[in-house]
Amino acid sequence: MMPWLWVLIGLVLLAAVLYWQLVIAEGSYLGPRVVALLYDWAAPAYERIKGFNTETEQWFLGLPLAMALERIPAPFVLDVGTGTGRLPRALLFQPGFRGHVVGVDRSRRMLAQAAQLVCPQAHRITLIWQDARTLPFPDNTFDAVTALEMLEFTPDPRAVLSEMVRVLRPGGVLLVTNRVGREALLLPGRAFPRPKFITLLSELPLEHIQTQYWQVDYDLVWARKKGRPVGGGVRPLAEVLRCPDCGQTGMEKVPQAYRCTRCGRVCLVAPDGVVEMQK
Ligand SMILES: C[S@@+](CC[C@H](N)C(=O)[O-])C[C@H]1O[C@@H](n2cnc3c(N)ncnc32)[C@H](O)[C@@H]1O
């Protein structure tokens, strides 16, 4: 074969691998730093690219979640991989929802966008810059824990799910997406066939697991954490923040920061309100 043909084949293969790794897998096989870097880069355009429709988001996400939490007067909700605050916005604008949402994300610029977009409801949301693999909260803290379109971009979705269930209180609601469709086949170990995803959730202390067809690329999956429901409701952030260095639960609120009283670690609250735990 002609040498230039080999070069051409090589270039096509390289382009295909790059497209797979950077566009379809969004850097997920290259590590969380690369994923965050890509999202930092895409953050200003994210909302435009996704083209979310406010009514659809409220009808299919905000309303059912608010209804699932209606027995709790002021639910405490954690949204993992919150991005530009899609789920918090859909929930906070529900008239029946009187709780507080904590949004965690590894991309600082996605959180900066979220901070702008949730501005009218800023007192009811806390944004935290932190990797989802270690959620900085004690066990059994939140009434609902959610993660939309993010699990497949983490190195170990099983471990992130297990961490999410750890911080969910017994009886609380888990709402996650599972990637389906053709592209899911290109995400081995990150996206799971429907029966396998259910099995994976069944291995955690979860019950009432239900799959709901949602979008071409995603199912919504609902579940409840096993155990007798106890407590519930919003808790002060200083009381539930876990120090990322020494693991002590509870951090002191000082001006523009949270400080660990055991190891002295300071996590700044940036001017846009984001709590910066990630180093
Ligand atoms: C496709 S976006 C989804 C954002 C939002 N949940 C939504 O539905 O619009 C994926 C988000 O997950 C975040 N993410 C990916 N890996 C993460 C990790 N290990 N820890 C925290 N956030 C992560 C990305 O930074 C990004 O904001």
Side-chain angles (χ1 to χ4, degrees), residues 21-54 56-58 60-62 65 77-92 101-118 125-137 144-164 166-167 174-181 183-184 187 189-191 214-221 244 274-279:
Q21 288 295 320
L22 299 178
V23 180
I24 296 175
E26 300 187 6
S28 118
Y29 297 98
L30 306 173
R33 275 173 195 268
V34 177
V35 175
L37 201 75
L38 291 175
Y39 274 100
D40 276 346
W41 178 68
Y46 184 80
E47 288 281 316
R48 185 169 41 78
I49 295 168
K50 296 295 270 188
F52 295 131
N53 174 291
T54 310
T56 314
E57 295 296 303
Q58 300 219 2
F60 290 104
L61 284 176
L65 185 55
V77 176
L78 173 67
D79 185 35
V80 180
T82 196
T84 52
R86 171 194 196 176
L87 183 116
R89 277 181 282 145
L91 188 58
L92 289 172
V101 185
V102 177
V104 168
D105 204 282
R106 171 83 197 240
S107 159
R108 182 64 181 84
R109 288 198 184 153
M110 289 292 273
L111 292 175
Q113 295 290 319
Q116 279 180 23
L117 291 165
V118 299
I125 177 163
T126 305
L127 297 168
I128 302 182
W129 185 30
Q130 167 70 23
D131 196 296
R133 289 171 299 165
T134 316
L135 295 171
F137 310 103
V145 180
T146 61
L148 301 181
E149 303 186 17
M150 73 81 65
L151 285 171
E152 70 271 30
F153 303 124
T154 61
D156 187 353
R158 279 190 184 83
V160 173
L161 274 168
S162 160
E163 185 65 352
M164 290 171 65
R166 178 185 69 76
V167 301
L174 182 86
L175 172 59
V176 293
T177 53
N178 181 39
R179 184 85 171 248
V180 291
E183 287 187 354
L187 299 168
R190 303 291 197 275
W214 184 44
Q215 300 174 2
V216 182
D217 290 329
Y218 287 101
D219 285 348
L220 275 181
V221 184
V274 174
V275 182
E276 299 188 328
M277 302 196 97
Q278 187 72 42
K279 277 184 181 166

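These numbers come from the heavy atoms of this one structure, side chains and all, not from hydrogens, waters or symmetry mates. Numbering of ligands and ligand atoms starts at 1, following listing order. Keep in mind it's a predicted model, so treat the numbers as computed, not measured.
- Counting the atoms of ligand 1 from 1 in the order shown, those under 4.0 Å from a heavy atom of Tyr46 are 1 (C), 2 (S), 3 (C), 4 (C), 7 (C), 9 (O).
- For the pair Arg190 and Tyr29, the cation-pi criterion (under 6.0 Å, within 45° of the ring axis) is fulfilled.
- For the pair Glu163 (side chain) and Leu135 (backbone), a donor-acceptor distance under 3.5 Å is present.
- Among the atoms of Asp131, some N or O lies under 3.5 angstrom from an N or O of ligand 1.
- For ligand 1, the polar-atom distance check against Leu148 finds a nitrogen or oxygen pair separated by under 3.5 Å.
- With a heavy-atom cut-off of 4.0 Å, Thr82 touches ligand 1 through its backbone alone.
- Contacts of Arg133 with ligand 1, taken as heavy-atom pairs under 4.0 Å, are absent altogether.
- By the 6.0 Å contact criterion, CZ on Arg108 is enclosed, its count of non-hydrogen atoms from other residues, nucleotides or ligands being greater than 12.
- For Arg166 (side chain) and Phe137 (main-chain N/O), a donor-acceptor pair under 3.5 Å exists by modelled atom type.
- Listed for the Thr146 side chain is no donor-acceptor partner under 3.5 Å among the backbone atoms of Leu175.
- In the vicinity of Ser107, heavy-atom distances shorter than 4.0 Å reach the ligand 1 atoms 25 (O).
- For Gly81, a nitrogen or oxygen atom sits less than 3.5 Å from a nitrogen or oxygen atom of ligand 1, counting backbone and side chain alike.
- Listed for the Asp40 side chain is a donor-acceptor partner under 3.5 Å among the backbone atoms of Arg109.
- Closest to atom 17 (C) of ligand 1, if we only count protein heavy atoms, is Met150 CE, 3.9 Å.
- With hydrogens left out, the protein atom closest to atom 1 (C) of ligand 1 is Tyr39 OH, 2.9 Å, a heavy atom.
- Val35 CG1, 3.7 Å is the protein heavy atom nearest to atom 15 (C) of ligand 1.
- Distances below 4.0 Å separate heavy atoms of Met110 from the following atoms of ligand 1: 27 (O).
- Distances below 4.0 Å separate heavy atoms of Gln130 from the following atoms of ligand 1: 21 (C).
- A salt bridge does not link Lys50 to Glu57: none of the charged side-chain nitrogens sits closer than 4.0 Å to a carboxylate oxygen.
- Summary of contacts: the protein heavy atom closest to atom 8 (O) of ligand 1 is Arg86 NH1, 2.9 Å.
- For atom 26 (C) of ligand 1, the closest non-hydrogen atom on the protein side is Asp105 OD2, 3.6 Å.
- Under a 4.0 Å criterion applied to the non-hydrogen atoms of Glu149, ligand 1 contributes the atoms 1 (C), 2 (S), 3 (C), 10 (C).
- Formation of a donor-acceptor pair under 3.5 Å by the Asn178 side chain with backbone atoms of Asp219 is not found in this model.
- No donor-acceptor pair under 3.5 Å is formed between the side chain of Trp129 and the backbone N or O of Val104.
- Between the side chains of Tyr39 and Gln113, no donor N or O sits under 3.5 Å from an acceptor N or O.
- Nearest protein heavy-atom contact of atom 20 (N) of ligand 1 is Ala132 N, 2.8 Å.
- For atom 22 (N) of ligand 1, the closest non-hydrogen atom of the protein is Arg106 N, 3.1 Å.
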